[in-house]
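Inspection log for the structure reproduced underneath, given as C-alpha cells.
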Amino acid sequence: MKPSLVHPLGMDTYDLITRNAAEVVTEDEVEEMAESPEVKRAYVGYEPSGVLHIGHMLTANKLIDLQEAGFDVTVLLADVHAYLNDKGTFEEIRDTAERMQQQFIAYGLDEDKTDFVYGSTYQMDEEYELDLHAMQVETTLNRAQRAMAEIQSGETAKVSHVVYPLMQALDIEYLDVDLAVGGIDQRKVHMLARENLPELGYDSPTSLHTPILADLTTGEGKMSSSEGVTISMEDSADDLAEKVNSAYCPPTRDPEPDDDGNERENPVLQIFEYHVFPRFEEVVVERPDQYGGNLEYGDYAALADDLESGELHPADAKSALADYLDRLIEPGRKQLQS
RNA sequence: CCGCCCUUAGCUCAGACUGGUAGAGCAGUCGACUGUAGAUCGACUUGUCCCCCGUUCAAAUCGGGGAGGGCGGACCA
C-alpha cells in the first residue's frame with residue numbers, strides 16, 4: 001500500500017507527486033518511487049528564454065512539489081537545444097540562460113536544493129556524442145520529427161530538429177534522472193526515451209506530464225510566449241489585471257467548441273487550479289456588497305462549482321485571479337529589479 | 001550539377017499576361033451590447049510589394065542579375 005508519510009498539506013507522498021499531473025507513466029513506477037523519494041532525482045529541461053512565463057512556472061510548481069516530497073531536482077538549461085532550434089548564437093543563448101536561472105530562483109525554486117545544469121557542459125563529450133549516434137541509428141526520421149514538439153506546423157524540419165528530441169532522451173540518462181517531468185506536449189519525447197534508451201543498455205525512464213495551459217484570450221490550443229498574450233514574471237500588477245480581464249472566461253469549466261470545432265478550455269479556471277490553489281490555503285474573492293459581498297474558497301473545486309452555478313461571476317473571479325497572481329509574482333519581481 | 005515553382009499587411013494569399021506607386025480574408029485596435037471574456041454588430045489601423053541594375057513620363061507589374069525558400073531530376077564510382 002501507499003506510504004504513511006503525511007506532508008503538510010495532508011497528502012501522502014504519491015498524491016503530492018502526482019497532484020495536478022495530466023498523466024504519469026507509469027503509475028506503478030511512481031508508486032515505487034514514492035516509497036523512497038529521498039534517493040530519486042527529477043528533472044525538467046527548458047530552452048532558455050529571457051522571461052519566465054506562466055507555462056514555465058507550471059512545471060516549476062511540480063518541481064517544488066517534488067522537492068517537498070524529498071526528490072533531488074535538476075533544471076536543465078538547454079543551451080545546445082536552443083542553438084539547434086535556431087534561437088541565436090551560443091553567446092546570446094548563454095546570456096538568456098543566466099537570466100532564466102535567476103528568474104527561476106526569484107520565482108521560488110530553492111537555490112540550494114536545485115541543480116542548474118547547462119547542456120553544453122556534457123553534451124559535447126565524446127561518450128555522449130557516440131551515444132547520440134547510436135540513438136540516431138535506432139530512430140526513424142518520421143519518429144524523430146513527430147517527437148519534436150517545437151517544430152511549427154508547416155515549417156520544414158531541419159536536421160537539427162530531429163536531433164533535438166534524441167538529445168532530450170539521452171539527457172535523461174546522462175543527468176541520472178529517475179523521473180522526467182514536462183508538459184504533456186513532451187509526451188512523444190518521453191515515449192521515445194522509454195523505447196530507445198534500453199536499446200543503448202540504459203534504463204527506461206519514468207515520466208510525469210503536466211497539463212498545458214490554454215491560450216488566455218481564446219481558450220484554444222496552448223498559451224504561447226511567441227504569439228498571443230502570456231503572463232510572465234515581469235508583469236506589473238496593472239499588466240496582470242489587464243491581461244486577466246481580457247481572458248476568455250465563459251461561466252463554465254467545459255466551454256463549447258468554437259464554430260470550427262476546436263476544443264476550448266477555461267484558462268481562468270486553469271490558472272486557479274494549477275497556480276493559485278497549490279500555493280494558497282484559501283482564496284478570498286473580494287466582491288462589492290452590491291453583488292453579495294466576499295466569497296472564500298478552500299479548494300479549487302468549490303470555486304469552479306460556484307462559477308458553474310452562477311454564484312461566482314467571471315468578472316469577480318478575474319479580479320481575484322489577477323490579485324493572487326500578483327502575490328505569486330511580486331516577491332520575485334522585486335528581487336529581479338534589485 | 002540540371003530543371004520547375006514561390007517571395008506583396010502580423011498570417012494565408014489576390015493583383016502581374018493587358019505598366020498609372022495595392023487589395024481581400026483572418027488577426028489586431030477602438031466603440032455598442034452583455035456586471036468578465038467570447039459571440040454579434042459598427043468603425044479603424046497596418047506595407048522598403050525580397051534586393052540591385054535597366055527600359056519607361058510612370059514598374060509590385062516588363063528585361064537582366066542576385067538572394068532566400070520549396071519541389072523534382074540526374075550522378076550513384
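Every chain is numbered from 1 and lettered A, B, ... according to where its sequence line falls, protein lines coming before strand lines. These numbers were taken from a predicted model, which means no experiment stands behind them.
A cation-pi arrangement is found for A:Arg279 relative to A:Tyr107, the charged atom lying closer than 6.0 Å to the ring centre and inside a 45° cone about the ring normal.
Nucleotides B:G23 and B:G63 place their P atoms 25 Å apart, quoted to the nearest Å. Separation of the P atoms belonging to B:C44 and B:G35 is 28 Å when rounded to the nearest angstrom. Nucleotides B:A32 and B:G47 have their P atoms positioned 27 Å apart, rounded to a whole Å. The P atoms of B:U12 and B:C57 are separated by 38 Å, rounded to the nearest whole Å. Across the P atoms, B:A14 and B:C50 are found 13 Å apart, a figure rounded to whole Å. Going from the C1' atom of B:C71 to that of B:G10 covers 27 Å, rounded to whole Å. Taking the C1' atoms as reference points, B:C1 lies 35 Å from B:A59, given to the whole Å. For the P atoms, the distance from B:C26 to B:G42 is 12 Å, rounded to whole Å.
For A:Arg264, there are no salt bridge (charged side-chain N to carboxylate O under 4.0 Å, His left out) partners two or more places apart in sequence or in a different chain. Considering only residues two or more places apart in sequence or on other chains, A:Thr218 meets the side-chain contact (heavy atoms from CB on, under 4.5 Å) condition with A:Asp215, A:Glu220. Partners of A:Arg194 by side chain to side chain donor-acceptor pair (under 3.5 Å), not counting sequence neighbours, listed by chain and number: A:Glu29. Evaluation of the salt bridge (charged side-chain N to carboxylate O under 4.0 Å, His left out) rule for A:Asp79 yields A:Arg94 as partners, not counting sequence neighbours. Applying the ring pair (Phe, Tyr, Trp, His ring centres under 6.0 Å) rule to A:Tyr174 yields the partners A:Tyr128; only residues at least two apart in sequence or on another chain are considered. Take A:Pro48 and apply the side-chain contact (heavy atoms from CB on, under 4.5 Å) test, not counting sequence neighbours, and it matches A:Ala82, A:Ile93, A:Thr96, A:Ala97. For A:Asp203, there are no side-chain contact (heavy atoms from CB on, under 4.5 Å) partners two or more places apart in sequence or in a different chain.
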Using a cut-off of under 3.5 Å, enumerate the N/O to N/O pairs linking the protein to nucleotides 5-12 of chain B.
none

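Helical stems in RNA chain B, defined as runs of 3 or more consecutive Watson-Crick or G-U wobble pairs with both donor-acceptor distances under 3.5 Å, are listed by first residue as B:1-7 with B:67-73, B:10-13 with B:23-26, B:28-32 with B:40-44, B:50-54 with B:62-66.
Residue pairs meeting the salt bridge (Lys or Arg N to Asp or Glu O under 4.0 Å) criterion with at least one partner in residues 319-338 of chain A, sequence neighbours excluded, are A:Asp323-A:Arg327, A:Asp326-A:Arg333.
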Could you go through residues 315-322 of chain A and list every donor-acceptor pair under 3.5 Å that involves a side-chain atom there, pairing it with any protein atom two or more places apart or in another chain?
residue, atom, partner, partner atom, Å
A:Lys318, NZ, A:Asn245, O, 2.9
A:Lys318, NZ, A:Ala247, O, 2.6
A:Ser319, OG, A:Asp316, O, 3.1

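Residues A:Glu296 and A:Arg287 are not paired through a salt bridge, judged by the lack of any N-O separation under 4.0 Å between the basic side chain and the carboxylate.
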Handout entry: Contact state string [nucleotides 31-41 of chain B, B base, S sugar-phosphate only, - no protein heavy atom under 4.0 Å]
Key = ----BBBS---
